[in-house]
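Read through the structure below, which is laid out as structure tokens, and then see the notes.
Each residue takes its place number in the sequence, starting with 1.
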Amino acid sequence: EGPHEIPISDGDKEAPAADEEEPDTEAETDAGSDDEQEEDFSDEVKEVAELYPYLKPAFIKEILDRNDAYNAQFPEDTLVCAVHHVKFADLHSLLHFEGILNDAGYTCTHQEDGSVQASKRFFVEDGAIISDILNVANQAAALGGTYQDCDLVQ
């Protein structure tokens with residue numbers, strides 16, 4: 001089964017400068033169905049959404065729901081390699097994304113079609129995998145990319 005696209009952002013936003021405040025409208029961004037409301041999500045999802053303003057609450061909920069399965073599959077202190085699949089329409093954004101992730105210790109490769117694979121090895125602890133996914137997906141969305149999936153390899 002190959003990567004599947006998970007809509008996470010409307011892709012129209014520019015990444016804010018480090019010293020800029022996020023506008024209050026960020027939490028209301030809805031790239032999904034018109035009936036998706038923030039009130040439909042748990043307090044945990046809402047709290048996490050505040051940390052990742054470019055991700056849709058539905059995506060955050062889906063990733064949070066995977067935590068128990070990841071913990072069962074990869075016990076604490078297991079060395080895992082997370083391989084993230086992201087797609088960009090704009091080469092400049094793709095290169096910016098790669099630069100940011102390379103600085104954060106990821107190894108990135110891209111294809112001419114705008115797809116990027118970013119991988120990083122780390123030791124698992126509770127929440128480490130979902131945190132890694134959310135961080136990479138948020139960065140991709142902030143730069144107008146589409147987060148597709150993550151493969152986990154021991």
Side-chain angles (χ1 to χ4, degrees), residues 1-18 22 26-27 29-32 36 41-154:
E1 186 175 310
H4 62 280
E5 289 190 20
I6 304 171
I8 52 178
S9 168
D10 63 10
D12 293 331
K13 296 184 214 97
E14 291 285 323
E22 287 293 316
E26 291 296 329
T29 300
D30 181 3
E36 182 180 318
F41 297 99
S42 69
D43 289 342
E44 178 184 24
V45 170
K46 291 176 187 177
E47 287 177 29
V48 172
E50 289 179 15
L51 299 172
Y52 300 102
Y54 293 96
L55 301 180
K56 290 176 33 177
F59 176 81
I60 292 170
K61 179 184 182 319
E62 179 181 331
I63 298 304
L64 291 176
D65 288 348
R66 295 181 188 178
N67 193 48
D68 289 340
Y70 289 146
N71 287 340
Q73 185 177 1
F74 303 101
E76 194 161 322
D77 294 327
T78 301
L79 182 62
V80 69
C81 181
V83 181
H84 302 276
H85 304 276
V86 181
K87 184 112 176 168
F88 286 90
D90 176 282
L91 180 61
H92 177 73
S93 296
L94 179 151
L95 295 174
H96 191 187
F97 175 80
E98 282 188 336
I100 291 168
L101 265 63
N102 284 331
D103 289 347
Y106 290 81
T107 301
C108 297
T109 58
H110 69 267
Q111 304 299 317
E112 289 183 26
D113 68 355
S115 61
V116 179
Q117 287 187 348
S119 61
K120 185 175 183 177
R121 291 188 177 282
F122 57 91
F123 287 97
V124 174
E125 49 187 71
D126 186 22
I129 294 172
I130 62 171
S131 178
D132 190 60
I133 293 170
L134 293 170
N135 283 324
V136 173
N138 192 64
Q139 186 61 62
L143 295 172
T146 301
Y147 188 86
Q148 296 178 312
D149 205 354
C150 178
D151 296 322
L152 300 167
V153 182
Q154 274 186 290

Carboxylate-amine/guanidinium proximity below 4.0 Å for K46 and E50: no
Heavy-atom pair of closest approach, residues D77 and F123: O-CD2, 3.3 Å
When you compare the side chains of D132 and Y106, does any donor N or O come within less than 3.5 Å of an acceptor on the partner? yes
Could you walk me through whether L79 and Q154 pass the side-chain contact (heavy atoms from CB on, under 4.5 Å) test, one step at a time? CA-CA 6 Å; L79 182 62; Q154 274 186 290; over 6 Å; no
So CZ of F74 and CD of E125: to nearest 0.5 Å the spacing works out to 15.0 Å
Residue pair V83 / S119: nearest heavy atoms and the distance that separates them: CG2-CB, 3.9 Å
If you define the side chain from C-beta out and look only at heavy atoms, does anything of I63 sit under 4.5 Å from R66? yes
CG of L55 to CD1 of I133, rounded to nearest 0.5 Å, is 11.5 Å
Smallest heavy-atom separation, N138 atom then P53 atom, equals OD1-N, 3.6 Å
Taking the side chain as C-beta and beyond, is there a heavy-atom pair between V86 and T146 under 4.5 Å? no
Looking at every non-hydrogen atom in both residues, tell me the closest pair between D126 and E76 and how far apart they are. N-OE1, 4.5 Å
L152 side chain reached by I129 side chain, heavy atoms, under 4.5 Å: yes
Looking only at side-chain N and O atoms, does H84 offer a donor or acceptor that is under 3.5 Å from a partner on D151? no
Apply side-chain contact (heavy atoms from CB on, under 4.5 Å) to the pair L64 and V48, showing each step before the final yes or no. CA-CA 9 Å; L64 291 176; V48 172; 4.1 Å; yes
Non-hydrogen side-chain atoms of I100 and H96 separated by less than 4.5 Å: yes
Say you draw a straight line from CZ of F41 to CG of D43; how long is it, rounded to the nearest 0.5 Å? 13.0 Å
Over 12 foreign heavy atoms within 6.0 Å of NZ, K120: yes
Mark yes or no for whether K87, through its side chain, and D113, through its backbone, hold a donor-acceptor pair below 3.5 Å. yes
Taking all non-hydrogen atoms of both residues, which atom of A118 and which atom of L101 are closest, and how far apart? CB-CD2, 3.5 Å
Check: E98/H110 side-chain N/O donor and acceptor closer than 3.5 Å: yes
Could you tell me the separation between the CG atom of L134 and the CD atom of Q139, rounded to the nearest 0.5 Å? 13.0 Å
Students often mix this up, so state it plainly: with edges at 30° and 60°, are the rings of F97 and F88 parallel, tilted or perpendicular? tilted
Within the 4.5 Å heavy-atom criterion, are T109 and V116 side-chain neighbours or not? no
Smallest heavy-atom separation, L94 atom then G114 atom, equals CD1-O, 3.4 Å
Between S131 and Y52, is any pair of side-chain heavy atoms under 4.5 Å apart? yes
Side chain of S93, backbone of L143: donor and acceptor closer than 3.5 Å? yes
